[in-house]
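Down below is the structure, laid out as structure tokens.
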Amino acid sequence: MTAKPLRIGNFSGFYGDRSEALREMLTSGDLDVLTGDYLAELTMLILARDRLKDPAAGFARTFLRRLEDTLGLAHDKGVRIVTNAGGLNPAGLADAVKQLADRLGIPVRVAHVEGDDLTARHPGSLAAHAYLGGFGIGECLRAGADVVVTGRVTDAALVTGPAAAHFGWKPSDHDRLAGAVVAGHVLECGAQATGGNYAFFTERDPRDLRRPGFPLAEIHPDGSSVVTKHPGTGGFVDVGTVTAQLLYETGGARYAGPDVTARLDTVTLTQDGPDRVRIEGVRGEAPPPTLKVGRNRLGGFRNEVVFVLTGLDIEAKAALVREQMGEALAASPPADVRWELARTDRPDAGTEETASALLRLVVRDADQQKVGRVLSGAAIELALASYPGFHVVAPPGKGSPYGVFEDVYVPHGDVDHVAVLHDGRRITVDPPQDTAVLDAVPSPALPEPLPPGPTARAPLGRVAGARSGDKGGNANVGVWARTDDAWRWLAHALTVERFRELIPEARDLPVTRHPLPNLRALNFVVEGILGEGVAAQARFDPQAKALGEWLRSRHADIPEVLL
């Protein structure tokens, strides 16, 4: 086991991230490993549809374009690249990287990880893939790979794999692995850890935010780490940016993965100098006995039309067009019809746009005809026969297919996790010997509440940050305080009942609150608020990206001492 810290950077947080980031990370400072995260739930569906058109497709082709002029640089600097850009076809991408290296004359060793594809076992799915851990990546690196391509692994596995290989960690090293999982979770979304999408961005010089640099972590043999960025790059790293990313798309105190369950309630963050945040104290437990499998299937067809309602009598105009459309669709009604009226209008507005509200109609059905010409004909035929000022943002189309994401779980032994080394050898990665059923953590002790005092009506965001995201049809909203006194108030004031009052969409949905005192944070999980997931586009903000910012904008009675 080596004592030298491992410097792991990130160059991609999603399929479509900044194209120059790989070169920037290679030229701005020293690194041992560079990771690229490409796979979200929606990305798997996109790649599955690509593969329907071309069986040789199914991976992120943009990764190859990025590698075209950076592979030689990475080889010269001795930086290894680990990416899940293989998507549904890691072997195909590995072959493409080999061909690229041969064409460029660069002697790199390319390996890949496979075994996650369970689509054949799930009839009716476009793609069904198990979330693998990092030990297959570790096998590839230990055998000397310069580039490792994977399919569906957990985002954090891109970090746990290299760390386990570098330090010689074993599956039983739960605390060390958990520390790497936390570091990996911070890195996985790229610039979100360096000031991107940050709640308190107005407190920074705008020049810091124009082009945030990508993050890196210095990982130590005990699993602790320091999150930082290359000197001279944009953005910033502080306890707030790391806290925000730690809360992103998480649930309770137990953050489960295929290698280990990390206890988020044990994480300690400290500022370790400018643009440096130390992560330590992370405890780990045996992983759960099952692996998560993400299933993507076609849910049917959807279409939408947005009516523009301008000026006076907005509610009456909306009621008229809803009644007219209902009559027109009555003969062959779609299975799902949803209306949303967004009151973006203002009284006595200075522009026509700011005098207008938007009425959105979304329809879904298994029959494309019911959401295609039937809808478009009904909407367009109203052009001269409805409310005054009738027009739409764009005419509805023929109806497009939409996807549905579902979670299922299988025993570790049902998945053949295989590392395919650069020389063609295949190494089977054994499932973990120790597992533990995932139970809820007992509620932690909360701080003493603030003493009574005068309050003022103000936005919650004056004293709390938030970040939100999606997991299938559920959303999470992580809310954190930046001072001990603000935490003393937040921990008692923002109950589940108060959350439901502030977010009316959640009033009839299951909401669970998870306190994380070490982070001065509360994490709320709202079940079902996103319907069947992002691909189904059931909500105005289908990935709940701005749900936290909506919460921060809601007014509450806040102690004046905090304002």
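Here the structure is a predicted model, which means the values were calculated and not measured.
Considering Thr241, Leu246, Val239 in turn, Val239 is the only one that fulfils the side-chain contact (heavy atoms from CB on, under 4.5 Å) rule with Thr243. The one candidate from Thr83, Val153, Leu47 that meets the side-chain contact (heavy atoms from CB on, under 4.5 Å) condition with Leu39 is Leu47. The only option from Asn523, Asp470, Thr512 that meets the side-chain hydrogen bond (donor to acceptor under 3.5 Å, both in side chains) definition with Asn476 turns out to be Asn523.
The backbone N or O of Gly133 lies less than 3.5 Å from no partner atom in the side chain of Asp259, so there is not a single donor-acceptor pair. Of the possible donor and acceptor atoms, none in the side chain of Arg467 sits under 3.5 Å from a partner among the backbone N and O of Gly478. Side-chain atoms of Asp50 never come within 3.5 Å of backbone atoms of Ala57 as a donor-acceptor pair (strictly under, hydrogens ignored). Distance alone, capped at 3.5 Å, places no donor-acceptor pair between the Lys98 side chain and the Asp102 backbone. In this structure, the side chain of Asn89 engages the main chain of Gly92 through a donor-acceptor pair within 3.5 Å. For Asn10 (side chain) and Pro215 (main-chain N/O), no donor-acceptor pair under 3.5 Å exists by modelled atom type. Judged by distance alone, with hydrogens and angles left aside, the side-chain atoms of Trp480 form no donor-acceptor pair with the main-chain N or O of Leu247 at under 3.5 Å. In terms of modelled atom types and a separation under 3.5 Å, the side chain of Arg254 and the main chain of Asp439 share a donor-acceptor contact.
Rounding to the nearest 0.5 angstrom, the gap separating the CE atom in Met25 from the CD1 atom in Ile81 is 11.5 Å. Of the inter-residue distances, the one linking Thr119 atom OG1 with Leu126 atom CG reads 8.5 Å to the nearest 0.5 angstrom. Atoms CG and CG, from Leu22 and Asp17 in turn, are 11.5 Å apart once rounded to the nearest 0.5 Å. Atoms CD and OG, on Glu280 and Ser225 in that order, are 9.0 Å from each other to the nearest 0.5 Å. For the atom pair Glu532 CD and Phe405 CZ, the distance stands at 13.0 Å (nearest 0.5 Å). To the nearest 0.5 Å, atom CD of residue Gln245 and atom OG1 of residue Thr194 are 10.0 Å apart.
Under the 4.5 Å side-chain criterion, counting only non-hydrogen atoms from C-beta, Tyr15 is in contact with Thr43. Taking the side chain as every heavy atom from C-beta outward, Val418 and Ile427 never approach each other to under 4.5 Å. Put simply, the side chain of Leu31 does not reach to within 4.5 Å of the side chain of Ile8, judged on heavy atoms. Residues Glu68 and Leu100 form a side-chain contact, since some pair of their non-hydrogen atoms from C-beta on lies under 4.5 Å apart. The closest side-chain heavy-atom distance from Ser468 to Lys545 is not below 4.5 Å. Looking at Thr290 and Asp414, their side chains never come closer than 4.5 Å, going by heavy atoms from C-beta outward. In this structure, Pro444 and Asp265 have side chains that are not in contact, with every pair of non-hydrogen atoms separated by 4.5 Å or more. Within the 4.5 Å cutoff, no side-chain heavy atoms of Leu291 are placed close to those of Tyr131.
Geometrically, Arg18 does not engage Phe214 in a cation-pi contact, judged by NZ or CZ lying under 6.0 Å from the ring centre and within 45° of the ring axis. Remark: Arg61 qualifies as a cation-pi partner of Phe59 under the 6.0 Å distance and 45° angle criteria applied to the six-membered ring.
Annotation: Arg7, atom CZ; neighbour count of heavy atoms from other residues, nucleotides and ligands within 6.0 Å is above 12. Open room surrounds CG on Asp30; 12 or fewer heavy atoms of other groups in view lie less than 6.0 Å from it. Within a 6.0 Å radius of OH in Tyr409, more than 12 heavy atoms belonging to other residues, nucleotides or ligands are found.
For the pair Arg211 and Glu24, the salt-bridge criterion is met [side-chain N within less than 4.0 Å of a carboxylate O]. A salt bridge is defined here as a Lys NZ or Arg NE, NH1 or NH2 lying under 4.0 Å from an Asp or Glu carboxylate O, and Arg426 with Glu114 meets this definition. A salt bridge is defined here as a Lys NZ or Arg NE, NH1 or NH2 lying under 4.0 Å from an Asp or Glu carboxylate O, and Lys471 with Glu527 fails to meet this definition. Salt bridge annotation for Glu20-Arg23: absent, with no cationic side-chain nitrogen under 4.0 angstrom from a carboxylate oxygen. Salt-bridge formation is detected for the pair Asp175/Arg283: a Lys NZ or Arg NE/NH1/NH2 atom is positioned less than 4.0 Å from an Asp or Glu carboxylate oxygen.
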* **From CA spacing to verdict: side chain to side chain contact (heavy atoms under 4.5 Å, CB included), Leu26, Thr70** => CA-CA 8 Å; Leu26 286 169; Thr70 56; 4.0 Å; yes
* Mind running side chain to side chain contact (heavy atoms under 4.5 Å, CB included) on Tyr38 and Phe14 for me, showing each step along the way? => CA-CA 4 Å; Tyr38 284 76; Phe14 69 100; over 6 Å; no
* Could you walk me through whether Asn84 and Asp37 pass side chain to side chain donor-acceptor pair (under 3.5 Å), step by step? => CA-CA 6 Å; Asn84 60 16; Asp37 182 14; 2.8 Å; yes
* To do: Give the C-alpha distance, both sets of side-chain angles, the deciding distance and a yes or no for salt bridge (charged side-chain N to carboxylate O under 4.0 Å, His left out) between Arg121 and Asp116.
  => CA-CA 12 Å; Arg121 305 185 201 176; Asp116 58 298; over 6 Å; no
* To do: Please assess Ser125 against Arg295 for the test side chain to side chain donor-acceptor pair (under 3.5 Å), listing each intermediate value before the final yes or no.
  => CA-CA 6 Å; Ser125 298; Arg295 291 180 55 198; 3.0 Å; yes
* For Val525 and His514, what are the C-alpha separation, side-chain angles and deciding distance, and is it a side chain to side chain contact (heavy atoms under 4.5 Å, CB included)? -> CA-CA 8 Å; Val525 177; His514 302 281; 4.0 Å; yes
* To do: Mind running side chain to side chain donor-acceptor pair (under 3.5 Å) on Gln271 and Arg276 for me, showing each step along the way?
  => CA-CA 6 Å; Gln271 199 72 37; Arg276 292 177 63 85; over 6 Å; no
* Evaluate side chain to side chain contact (heavy atoms under 4.5 Å, CB included) for Leu269 paired with Leu519, printing each intermediate quantity in order. => CA-CA 8 Å; Leu269 305 179; Leu519 301 176; 3.8 Å; yes
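Residues Cys140 and Val148 approach most closely at CB-CG2, 3.7 Å, considering heavy atoms. Between Val420 and Ala111 the shortest heavy-atom distance is O-CB, 3.2 Å. Shown here for Ala466 and Glu549, the closest heavy-atom pair between the two residues is O-OE2, 4.0 Å. Across every non-hydrogen atom of Ala419 and Glu139, the tightest pair is CB-CB, 3.8 Å. When all heavy atoms of Ala262 and Val181 are compared, the pair lying nearest together is CB-CG1, 4.1 Å.
Applying the salt bridge (Lys or Arg N to Asp or Glu O under 4.0 Å) test to pairs two or more places apart or on separate chains, none has a residue in residues 71-83. Sorted by first then second residue, the ring pair (Phe, Tyr, Trp, His ring centres under 6.0 Å) pairs that include residues 220-266, not counting sequence neighbours, are His185-Tyr255, Tyr198-Phe236. For residues 149-166, the salt bridge (Lys or Arg N to Asp or Glu O under 4.0 Å) pairs, not counting sequence neighbours, are Arg152-Asp155.
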